[in-house]
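Please read the structure below before turning to the comments.
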Amino acid sequence: MNISTHSSQNAVVLLSGGLDSVTCLYWAKANFTKVTAVSFDYGQRHNSELTSAKNIAKIAKVDHRVIAIDLAQLGGSALTDQSINVPDADKTADFSDNQNNDNIPVTYVPARNTIFLSHALAVAEVTQANTIVIGVNAVDYSGYPDCRPEYIDAFAKMANLATKVGVMGNHLTIATPLLHLSKADIIRLGVSLGVDYSLTVSCYQADSEGRACGNCDSCYLRQQGFLQAEIDDPTRYQ
């Protein structure tokens, strides 16, 4: 996607405050006339990532909406249930094997992307946005079923069947600019767009100051990304 194609359109970006979503935010700023960022206070294990999202949206000078959804009452994930421990990264795992459906990690939050995308879809209708941008990745998606390309395609089809704008012929697109990029490629893209990764928080169990644990899957993938991109890792660790 390029500026000439999308410069007259609006976009909604799902912004968690992590590395991938912030890269998507800056990509959207470079490709769309107006960008609205949407974040979620969903009962996650820590709020450091949400604080990061708020700060980054302010720096990026984009409209920012924070929607509260209590997924913690449902449990079922190490990210929303304090009684479930966040496991250390398995550094021998092949994260690129995205055909393996038998190893969905405990950090998967049931139906999270479906819930988030549904809210983003409503925001898109209200803000007259043609595109929702989400930072899903098929290369190192860590086993999450709602990050697969076929899921995104199915949601986009549903979105155009279920909305006023879709029925009236104003086709809505789900953009996944990071879908086939390695973590290193994502970081290189973000750096080229001016992302300050020291402001992002990706850790599953960051502390109240936003410092990363350095041990979880998210931290490991992030570390490997900076290493492979040959860019200094600005992450603050506990």
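Positions are given from 1 along the sequence.
Grouping the Ile, Leu, Val, Met, Phe, Trp and Tyr side chains by contacts below 4.5 angstrom, directly or via other members, places Val13 with Val22. The same ILVMFWY cluster, assembled from side-chain heavy atoms under 4.5 Å apart, contains both Val12 and Tyr42. In the hydrophobic clustering of ILVMFWY residues, with side-chain heavy atoms under 4.5 Å counting as a link, Leu179 and Ile152 come out together. Both Val86 and Ile104 belong to a single network of hydrophobic side chains, linked directly or stepwise wherever heavy atoms of I, L, V, M, F, W or Y lie under 4.5 Å apart. In the hydrophobic clustering of this structure, Val123 groups with Ile69; members are Ile, Leu, Val, Met, Phe, Trp, Tyr whose side-chain heavy atoms approach within less than 4.5 Å, directly or through other members.
Between the CD atom in Glu49 and the OG atom in Ser218 there is a gap of 7.5 Å [rounded to 0.5 Å]. Here the straight-line distance linking atom CD1 of Ile132 with atom CG of Leu121 works out to 5.0 Å at 0.5 Å rounding.
Listed here is the closest heavy atom pair of Ala78 and Asn85: CB-O, 3.8 Å. For the residue pair Arg188 and Gln228, the shortest heavy atom distance occurs at NH2-O, 3.1 Å. Of all heavy-atom pairs between Tyr197 and Gly190, the closest is OH-CA, 3.1 Å. When all heavy atoms of Leu19 and Ser202 are compared, the pair lying nearest together is N-OG, 3.2 Å. Closest non-hydrogen pair, Ala37 versus Val62, comes out as CB-CG2, 4.1 Å.
Arg222 and Thr200 are linked by a side-chain donor-acceptor pair at a separation below 3.5 angstrom, with hydrogens and angles left out of the test.
For the pair Asn137 (side chain) and Leu178 (backbone), a donor-acceptor distance under 3.5 Å is present. For Ser48 (side chain) and Asp207 (main-chain N/O), a donor-acceptor pair under 3.5 Å exists by modelled atom type.
Between Phe40 and His119, the angle of the ring planes goes over 60°, which puts this pair in the perpendicular group of the 30/60° scheme.
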Test side chain to side chain contact (heavy atoms under 4.5 Å, CB included) applied to Lys54 and Ser39, step by step: CA-CA 8 Å; Lys54 293 176 181 178; Ser39 302; over 6 Å; no
Derivation and outcome, side chain to side chain contact (heavy atoms under 4.5 Å, CB included), residues Tyr144 and Thr107: CA-CA 9 Å; Tyr144 299 142; Thr107 48; 2.7 Å; yes
Worked verdict on Thr80 versus Gln73 for side chain to side chain contact (heavy atoms under 4.5 Å, CB included): CA-CA 8 Å; Thr80 56; Gln73 65 180 319; over 6 Å; no
Derivation of the side chain to side chain contact (heavy atoms under 4.5 Å, CB included) call for Phe155 and Asp146: CA-CA 10 Å; Phe155 189 95; Asp146 54 2; over 6 Å; no
